[in-house]
Amino acid sequence: MSEQKVNITLPDGTVKEYKKGISSYEIAISISEGLARNVLAAKVNGEVWDASRPIQNDSNVQLLTWNDDQGKSTFWHSSAHLMAEALEALYPGIKFGIGPPVETGFYYDVDFGSQVFNAEDLEKVEQKMLELSRQKNAFIREEVSKADAISYFEKKGDEYKLELLADLEDGSISFYKQGNFTDLCKGPHIPDTGFIKAAKLMNIAGAYWRGDETRKQLTRLYGVTFPKKKELDEYLTLLEEAKKRDHRKLGKELELFTFSEKVGQGLPLWLPRGTELREKLTNFLKKAQQKAGYVSVMTPHIGSKSLYVTSGHYEKYGEDSFKPIRTPNENEEFLLKPMNCPHHCEIYKFKPRSYKDLPLRLAEFGTVYRYEQSGELHGLTRVRGFTQDDAHIFCRPDQVKEEFKKVIDLVLYVFESLGFDDFITQISLRDPENKQKYIGDDEAWDKAETAIIEATREKGLKTKTELGEAAFYGPKLDFMVKDALKRSWQLGTIQVDYNLPKRFDLEYVGSDNQKHRPVMIHRAPFGSMERFVAILLENTEGKFPLWLSPVQYIILPISEKYAEYANKVNEELMVKDFTGNVDHRDEKIGRKIRDAELSKIPYMFIVGEKESESGSVSIRKQGEGDLGTFELKDLFAYMQNELEKSLKSVR
RNA sequence: GCCGACGUAGCUCAGGGGUAGAGCGCUUCCUUGGUAAGGAAGAGGUCAUGGGUUCAAUUCCCAUCGUUGGCUCCA
């Protein structure tokens, strides 16, 4: 009687025959021993499996190594178990919550009970992990009945695992065991702990059990592990590099913005250079908006409470925002403006609108104030007072999709111009399970959601969709960009809104001479000036393109004898709308160059005896060095050309 | 808001129960120099704030404020 066989299809399309019950590890060996040593897990018919799990049917098999994202996350998931084993060995009796892999590394939530654990103890755990990994203990999968699982964790007294078990179905429960540690886990895992050669526990933090702030806070330990020591070192170096790009550090060094305890937390103060940068960004967008048919408006920083009662913001956020301001005599209530849209609705109502007037695109760089929880404030990315590059497009229902597409074009233009080529677009819809979180009727929501989905599809945007992430008045399309530490931040946003026009009773007269309701599109390509500058800083490391640079050049006189000539050159550059200054300090030229390089000023013009006599400057470009001597008229032409190139090159 | 860490000169940081240090920056003087740090002298700190313990607190404890890593939240 012949053995039963299975056909295994590999990713390159080759089909091989193996005996039934073969594991992906054995398949790897049949290909090459070297490969087998690196196999962490395998994707069998689209599902990630342990490399040791027997394959009983014809299957598509993809071997996963460190080079595959799913290989990495399996590796880190197993590392979480290893960390738990180490912790249990060092702190007997502790209880465990969940321990998943994350984008870089893994964490485990732990209840240390009465034992104390602090950051200094992390190293001890690292050492223990490495000690245990050297034992090369296999990760062993075991199917268990629900009753057995419950009794195991009851005996152990781990109420967290018991709670997790309560949600699981009998027959689908598995344990994984390595060394002396057993955990409830559906897997998969790497073959054994010996693969983990380097471990670094990054930090500890509080985390609510199941993310619920009414429940107990556990200690979350974050770590990262690697199959090679060298890779850990490289990763740590990368973190050091990221620190250099931190916008909070660069903002201070380049004198762009600051915070003051006295002014209040989350309230940025823009220094002259930062203001210059912001104005350049603002003018850039204003110009683009002008071309796209927007008109500018301005509205005050506070608004009567009734404005926000009408818009629904008060009901939705009143409790969690800055309290109303009252007039001393009449006791009238005003709110700091949290959004510009209610004001813009009132501008729309200034006069009757005809269908011929639409779309009406009202733009405002409007400063808004929101009470953000103190723990959430972060540099310029999360503040309490910020300026949105806001606009509201009031249009007819038949114009929504077209207008939405135009806004996508504008956002893409802005992102391209600033070199943000690595971004994610996310469609945020409402949570169908939790409709009371939102205002408006189903019909309006369906229309708005359909408009976004169709517009993004027609623009060919690759999007991911999240349920429950919509604004309370409408669905949105967000553009997310990463900072130096690869954290995603929402920058640009476009939202379709059928609700506010209704709440504000906005109308226009159609060609049929009947009254109709316009649709609103909220949009902000930068999102907020503050957050945008932050992400721009992290992406450019403070080396802005010439057109954006707050200080575009610095003139460096060789000695004070040439100060007058330097001033003359400076004045001529200022006349030509460049921004820069002269370094009049009593320092040698080498020193002035070094300081200019470090402050990331794009161009240095050196003037000494030679230059002042011949009416020229010696140009030095940041990061590149000496470019030679240019006569003044050539300098202006050169700078003009560089300026255009800097706009174009990023376009 | 919650948990943890941190708060010393303008900046970056060292120190530590007996009222403070470095480097850079700043001021003054010398130097007038040619493509990444010229030299010297000097000023500058209620050691975040308020309590407590102690003969004595910047140091130890508590609270507040701020920063920070997470959690929750995010119009």
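Numbered from 1 within each chain, the chains take letters A, B, ... in sequence-line order.
Taking atom C1' on both U8(B) and G69(B), the two are 22 Å apart, rounded to the nearest angstrom.
Annotation: of the two residues near RNA chain B, Asp586(A) and Thr629(A), the 5′-most nearest-nucleotide partner is Asp586(A).
With a 4.5 Å cut-off on side-chain heavy atoms, Glu530(A) and Trp270(A) count as touching.
Within 4.0 Å (heavy atoms only), Lys252(A) reaches sugar-phosphate atoms of the nucleic acid but no base atom. Among the atoms of the strands shown, only primed sugar atoms or phosphate atoms (P, OP1, OP2) are found under 4.0 Å from some heavy atom of His378(A). Using a 4.0 Å heavy-atom distance criterion, Tyr222(A) is classed as a sugar-phosphate-only contact.
The listed nucleotides are U35(B), A36(B), G38(B); the one nearest the side chain of Asp626(A) is U35(B). When the nucleotides C3(B), G34(B), G66(B) are ranked by their closest atom to the side chain of Gln217(A), C3(B) comes out on top. Which of U35(B), G1(B), U31(B) sits closest to the side chain of Tyr208(A) comes down to G1(B). Side-chain proximity of Arg248(A) to U68(B), A36(B), G70(B): nearest is U68(B).
Of the inter-residue distances, the one linking Leu627(A) atom CG with Glu642(A) atom CD reads 8.0 Å to the nearest 0.5 angstrom.
Checked against the 6.0 Å centroid criterion, the rings of Tyr473(A) and His522(A) qualify as a close aromatic pair.
Both stacking criteria are satisfied for Tyr317(A) over the base of A75(B): a centre-to-centre distance under 5.5 angstrom and an angle between ring planes under 30 degrees.
Taking only side-chain nitrogens and oxygens, Gln265(A) comes nearer than 4.0 Å to OP1 or OP2 of G66(B).
A salt bridge is defined here as a Lys NZ or Arg NE, NH1 or NH2 lying under 4.0 Å from an Asp or Glu carboxylate O, and Asp505(A) with Lys349(A) fails to meet this definition.
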